[in-house]
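Here is the naming used below: chain letters follow the sequence lines, and residue numbers restart at 1 for every chain. These numbers come from the heavy atoms of this one structure, side chains and all, not from hydrogens, waters or symmetry mates.
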Amino acid sequence: MKHLPSERHTLSILVDNEAGVLARIVGLFSARGYNIESLTVADVSDDHEVSRITVVTNGPPPVIDQIMAQLDRLVPVHKVVDLTDWGPHVEREMALVKVAGIGDKRVEALRLADIFRARPVDTSTASFVFEVSGSSEKVNQFIALMREVGLVEVARTGVVAIARGAEAV
Amino acid sequence: MGTEMTGADIVVQALTDLGVEVVFGYPGGAVLPIYDALFKQNRIRHILVRHEQAAVHAAEGYARSSGKVGVVLVTSGPGATNAVTGITDALMDSIPLVVLTGQVPTHLIGTDAFQECDTVGITRHCSKHNYLVQETARLGPVLHEAFYIARSGRPGPVVIDIPKDVQIMKARYTKPGVISHKTYKPQVKGDLAAIEAAVDMLAAAERPILYTGGGVINSGPVASQLLRELAKATGAPVTSTLMGLGSVPDDHPQFLGMLGMHGSYEANMAMNKCDLMLCLGARFDDRVTGRLDAFSPTSRKIHVDIDRSSFNKTVRVDLAIQGDVGSVMEDMLKVWRARGHRAADQKAWWEQIKGWRSRNSFGFEQKGEALLPQKAIQRLYEMTKAKKPIISTEVGQHQMWAAQHFGFHEPNKWLTSGGLGTMGYGLPAAIGAQLAYPGALVIDIAGEASIQMNIQELGTATQYRLPVKIFIINNEYMGMVRQWQELNHGGRYSESYSDSLPDFVKLAEAYGWKGITIEGPDDLDAGIQAMIDHPGPVMVDCRVAKLANCFPMIPSGASHTDMILSAADERGEADDDAKALV
Ligand SMILES: Cc1ncc(C[n+]2csc(CCOP(=O)(O)OP(=O)(O)O)c2C)c(N)n1
Ligand SMILES: [Mg+2]
């Protein structure tokens with residue numbers, strides 16, 4: 001089954017907010033040879049009992065099904081949703097992008113940032129840190145452009161995603 | 001609102017409330033408070049093993065033979081790491097266990113304290129679930145939840161790591177009512193529409209087969225009864241995995257024997273040629289399927305399993321039904337009867353099966369003087385079957401020969417390490433089963449190499465006066481390894497000779513056991529009889545032909561239709577692809 005073409009899927013996993021849960025999830029991916037493109041996790045409930053983990057993975061459809069089933073049988077997992085299969089959903093990522101340069105490069109960096117609606121969140125006479133958010137593609141593009149004007153380093157959150165519409169998954 | 005007691009007392013009280021009668025364990029610094037609590041009571045019996053791995057296998061044997069949860073108690077650090085093999089074994093074979101491990105006090109966790117190890121980290125992926133209990137008040141709820149998780153759904157081992165200060169501190173304990181878990185909710189009932197579809201497929205099949213596994217045993221004795229009814233209603237042939245043996249009696253006319261790598265020719269051929277496969281509580285393990293792209297090419301497949309992750313893992317199925325296999329079979333039978341189905345005409349199918357059966361693939365031919373291992377097991381079976389023995393095994397050729405030549409007629413009588421294939425499983429498992437059934441005849445069919453992996457447990461049997469029998473099929477080789485070397489590696493027997501074997505009779509005697517040697521065919525019956533007649537534990541050193549191979553066999557990388565039936569078909573050297581397979 002591993003020879004079928006790979007697909008990118010975004011999974012949303014609701015888990016008990018308890019010690020070791022993240023290790024369980026990450027360990028499952030590594031032990032069974034599944035891919036993780038990105039992973040984010042944060043507490044999302046008022047009572048701090050539930051965290052949402054967003055994993056972007058890729059693999060042939062049967063492998064994606066296996067990943068879902070394997071995640072679902074972990075005891076602290078409340079719910080696993082494959083947002084890619086679920087339907088319309090929003091995926092966003094945020095990056096902090098540090099650029100250094102003076103003169104024209106600096107002006108160009110600001111101009112490009114403006115087009116991408118990236119905000120400078122730190123400034124020195126020789127550098128900026130931009131905050132950019134959007135689809136992973138947009139973030140990639142922005143980073144690629146910043147390479148030309150003095151990219152120093154990048155920190156990215158990885159994808160967070162949520163279904164469109166009025167209902168919770 | 002409950003009484004205030006120490007964590008250690010809570011552990012013992014909760015175990016008592018959970019109906020635990022036996023705990024297998026080994027003490028150490030980090031569990032001394034629990035041992036002290038055990039000392040002060042007499043409701044729970046503690047069985048002191050000689051190595052923590054054996055405690056876990058003994059608990060597995062206890063659980064597998066009785067259907068109860070097996071309980072283990074070990075100390076931190078080396079106690080916990082020694083238990084890891086057993087925990088993994090239980091996970092692979094879906095055996096319900098609760099393993100209590102001591103841990104250094106909470107304030108020392110993370111400091112590389114004496115006998116500290118990251119037990120929850122180490123066991124996270126070899127347990128069904130695990131806990132580090134950091135507050136005494138959590139102990140009671142966690143213990144009750146752990147038992148629920150271990151025994152429900154797909155059973156498995158649950159580890160509870162308990163720091164020493166948590167054992168000493170006090171909290172209130174109340175016995176909880178019905179346990180439920182906010183996220184873990186195993187599905188027991190199968191989807192009715194799917195069950196109806198399955199029944200219709202089954203009724204229409206011309207060449208059906210029931211492929212059954214350990215899930216049928218795990219579901220409880222009723223499931224084995226239902227399986228027999230389903231077989232009767234549908235008229236379909238039945239084959240079983242290694243783990244499922246006993247669910248259908250060995251001499252049942254519809255039973256084709258075990259399938260898979262060392263399964264019967266008729267079982268494997270029928271799996272290959274069927275038009276409908278109903279998989280009941282089995283998981284398409286690689287030892288069963290052989291080469292995947294040639295696995296049962298013409299069949300539609302229905303898979304019943306309590307664990308959704310078993311579906312489509314390696315083999316795509318046409319219909320998956322999630323639920324307890326016993327409950328699903330019960331519903332299938334109801335639907336079958338309600339719809340007035342009768343078994344389809346399977347005459348041609350059974351004719352074909354008859355042809356395959358006539359190859360007598362488990363047959364063996366006596367050549368030369370030496371006692372054949374198959375013969376030894378066959379006689380052991382014939383001479384003990386009236387006593388309905390419980391059989392455990394080690395791992396190797398003897399294990400496969402036992403599966404082939406020992407007939408099982410009831411569930412829970414066959415204890416073997418299937419998924420992990422753990423040498424050293426059999427003796428402790430036999431000890432566990434003997435504790436569950438003190439009056440039963442319990443025999444570990446062993447290899448001379450495997451038995452040495454937990455040989456220290458002879459002492460445990462002696463201490464608790466357990467009349468366990470060990471029947472060593474002594475071929476002076478790690479026979480299964482030697483066989484693979486013969487078949488795949490040009491007969492280069494690298495490190496597979498069992499050199500410097502102990503004198504097993506003297507060894508037995510040193511532990512207070514009776515020792516018996518069977519030198520050859522002439523002593524066989526007398527040796528077995530003497531073993532049966534002796535009221536205490538007996539170790540039999542049964543010397544068998546050294547170079548016998550276990551057939552039939554699906555060589556690695558081959559399909560069901562490429563079985564080697566006898567030594568005449570051996571290949572000698574495998575290509576690299578086949579060599580790469582386990
Ligand atoms: C703990 C462990 N180590 C290694 C193996 C690999 N292995 C499988 S069978 C076998 C040989 C077993 O020899 P013996 O107990 O004499 O049984 P025989 O095959 O001769 O019947 C070995 C080494 C294993 N299954 N388990
Ligand atoms: Mg041997």
Here the gap from B:D118 atom CG to B:D161 atom CG, rounded to the nearest 0.5 Å, amounts to 8.5 Å
- Task: Walk me through it: do A:V121 and A:F130 pass the test side chain to side chain contact (heavy atoms under 4.5 Å, CB included)?
- Result: CA-CA 6 Å; A:V121 289; A:F130 293 112; over 6 Å; no
Bottom line for A:L28: the part with an atom under 4.5 Å from chain B's heavy atoms is backbone
Rounded to the nearest 0.5 angstrom, the CD1-CD1 distance for B:I321 and B:I306 is 13.5 Å
Residues 101-113 of chain B vs chain A, non-hydrogen distance cutoff under 4.5 Å, contacting residues -> none
Task: Polar side chain donor-acceptor pair, A:T57 to A:E37, under 3.5 angstrom - done: no
Check for a donor-acceptor pair, side chain of B:Q167 on one end and backbone N or O of B:A30 on the other, with a separation under 3.5 Å.
yes
d(B:H560 NE2, B:M271 CE) to nearest 0.5 Å is 6.0 Å
Under 4.5 Å to a heavy atom of chain A? For B:Y131 that would be neither
Tell me whether A:K138 at atom NZ has more than 12 heavy atoms from other residues, nucleotides or ligands lying less than 6.0 Å away. yes
Separation between CZ (A:F116) and CE (A:M146), nearest 0.5 Å, reads 7.5 Å
| task | Establish, yes or no, whether the cationic atom of A:R106 lies under 6.0 Å from the six-membered ring centre of A:F128 and within 45° of the ring axis. | result | yes
Within residues 279-305 of chain B, the residues sitting under 4.5 Å from chain A by heavy atom, in sequence order, are none
message: Can a side-chain donor-acceptor contact be found between B:Y184 and B:S152 if the only test is distance below 3.5 angstrom?
response: yes
Exercise. Would you confirm whether B:N218, through its side chain, and B:R154, through its main-chain N or O, come within 3.5 Å as a donor-acceptor pair?
Key: no
Ignoring hydrogens and geometry beyond distance, is a side-chain donor-acceptor pair present between A:S133 and A:R92 at under 3.5 Å? no
- Side chain of B:K189, backbone of B:D324: donor and acceptor closer than 3.5 Å? no
Short question: side chain of B:N130, backbone of B:V158 - any donor-acceptor pair under 3.5 Å? no
Between B:T183 and B:H181, do the side chains contain a donor N or O and an acceptor N or O under 3.5 Å apart? yes
| SB check B:E135 B:R138 (cutoff 4.0 Å) | no
Q) Where the side chain of B:S309 meets the backbone of A:A69, is there a donor-acceptor pair that is under 3.5 Å apart? A) no
Within residues 42-55 of chain A, the residues sitting under 4.5 Å from chain B by heavy atom, in sequence order, are A:E49
Within residues 70-82 of chain A, the residues sitting under 4.5 Å from chain B by heavy atom, in sequence order, are A:Q70, A:D72, A:R73, A:V75, A:P76, A:V77, A:H78
- Query: If only atom types and distance count, is the side chain of B:K128 paired as donor or acceptor with the main-chain N or O of B:I149 below 3.5 Å?
  - Reply: yes
Under 4.5 Å to a heavy atom of chain A? For B:K182 that would be side chain
So, the part of A:A31 with a heavy atom under 4.5 Å from chain B: the answer is neither
